[in-house]
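This report concerns only the one structure given below.
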2 protein chains.
Amino acid sequence: MTETNECDHYDSRILAELQQDARITMAELGRRVHLSQPAVTERVRKLELSGVIKGYRAEVDLARLGYGIRAIIRVARAEYARVVRLIEQTPEVINAYNVTGDDSWVLEIAVIDVSHLDAVVTKFCILTETSTCIVLNAPRENAMVLPARRENIKPAIKKVTGK
Amino acid sequence: MTETNECDHYDSRILAELQQDARITMAELGRRVHLSQPAVTERVRKLELSGVIKGYRAEVDLARLGYGIRAIIRVARAEYARVVRLIEQTPEVINAYNVTGDDSWVLEIAVIDVSHLDAVVTKFCILTETSTCIVLNAPRENAMVLPARRENIKPAIKKVTGK
DNA sequence: CATGAAAGTAACTCTCG
DNA sequence: CGAGAGTTACTTTCATG
């Protein structure tokens with residue numbers, strides 16, 4: 001299994017378009033990337049099979065669905081299986097990351113209001129220490145990702161490349 | 001504008017299906033939720049117009065696109081506009097949350113390797129203090145979200161409701 | 001319910017090892 | 001000359017008034 005599954009320029013264009021709008025037709029996608037409909041369909045099929053495209057999801061507005069508060073909970077080290085089980089039993093958890101460092105877990109949750117937030121935080125407090133902060137706004141969310149290309153990395157201006 | 005835009009049971013089913021697979025046809029969606037194809041089409045259109053559905057995106061596999069490391073960077077308080085500008089200039093940032101607390105920002109980033117991680121972290125270090133941890137695994141990612149219903153909240157067992 | 005567009009299938013062409 | 005990828009042509013299914 002190659003890491004960067006030889007994504008050529010067409011595949012990058014296709015991934016960009018589908019990350020912007022996953023519901024465009026294959027015919028329209030073909031027009032945008034300048035390929036015939038069967039050709040893009042085949043490429044998309046391969047991207048799906050190789051696992052580059054994991055799926056297609058509708059993106060919903062949490063506030064409009066009644067979730068007034070988004071929060072980040074950092075959870076200190078605790079028995080791994082217990083945390084995972086608790087996450088599984090907590091639908092309010094949108095994203096759950098097991099991370100390095102003292103805070104073993106970073107959870108992103110959506111709750112209705114403060115009392116709901118209290119209820120969810122308490123569930124994790126029972127396990128171990130937690131630290132909660134509320135999301136005020138999100139200038140970037142689920143940004144588009146293109147195939148990694150080393151030459152795109154802009155180094156910070158810390159080149160102390162003496163010698 | 002109502003907060004919880006009167007989502008009935010059909011709308012909930014529709015949102016669930018579209019969050020699982022945003023590319024199903026309206027005909028198929030109709031079959032799954034037991035509505036006629038024009039009926040679901042109209043409902044989806046309204047969910048889009050009301051902003052409940054913000055869009056549809058292909059979900060990609062970061063590792064297969066060449067991003068070997070995902071990390072969370074917590075960034076301490078700094079001039080708001082400067083941070084936003086830096087985020088805008090940093091495509092590695094997948095999600096950026098401005099939050100309450102001492103760490104004003106929580107960033108989720110995708111990088112190729114450690115040296116790339118170094119480059120990105122350094123950009124933010126120049127502004128203010130940061131704290132970085134690496135994502136080891138994610139037991140839950142972009143979980144499905146249904147309309148908030150108060151009766152679904154399971155309170156933690158801390159009911160000290162004496163009197 | 002009818003019309004036009006899109007998806008899926010098949011046969012053919014082109015290029016590259 | 002064979003494998004892979006693209007295009008065109010055609011049928012079925014889907015979207016829209």
[X] side chain: which of [options] is closest?
X: A:Ala27; options: D:dA15, C:dA6, D:dG6; result: C:dA6
X: A:Thr25; options: D:dG6, C:dA6, D:dT16; result: C:dA6
X: B:Pro38; options: C:dG8, D:dT16, D:dG6; result: D:dT16

For [X] and [N], what is the distance between atoms [atom1] and [atom2] respectively, to the nearest whole Å?
X: B:Arg23; N: C:dA7; atom1: CZ; atom2: C1'; answer: 10 Å
X: B:Met26; N: C:dA5; atom1: CE; atom2: C1'; answer: 15 Å
X: B:Glu28; N: D:dT13; atom1: CD; atom2: P; answer: 14 Å
X: B:Ile24; N: C:dA7; atom1: CD1; atom2: C1'; answer: 16 Å
X: A:Asp8; N: C:dT15; atom1: CG; atom2: C1'; answer: 16 Å
X: A:Arg31; N: C:dA7; atom1: CZ; atom2: P; answer: 9 Å
X: B:Glu48; N: D:dA15; atom1: CD; atom2: C1'; answer: 14 Å

Hey, does the side chain of B:Gln37 come within less than 4.0 Å of D:dA15's phosphate (OP1/OP2), counting only N and O?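 So the side chain of B:Gln37 is within the cut-off, an N or O lying under 4.0 Å from OP1 or OP2 of D:dA15.
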On the nucleotide D:dG4, are OP1 or OP2 found under 4.0 Å from the side-chain N or O atoms that A:Arg43 carries?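 No, outside the criterion.
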Under 4.5 Å between side-chain heavy atoms, counting indirect links through other Ile/Leu/Val/Met/Phe/Trp/Tyr residues: same cluster for B:Ile72 and B:Leu127 or not?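 Hydrophobic grouping puts B:Ile72 apart from B:Leu127.
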Common cluster, B:Val111/B:Ile87, ILVMFWY with side-chain heavy-atom separation under 4.5 Å: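 Yes, same cluster.
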Charged N to carboxylate O under 4.0 angstrom, A:Glu48 versus B:Arg23?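 Looking at A:Glu48 and B:Arg23, the cut-off is not met.
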So which heavy atom on A:Arg70 is nearest to which on B:Tyr97, and how close?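 Reported closest heavy-atom pair: NH1-CE2, 3.6 Å.
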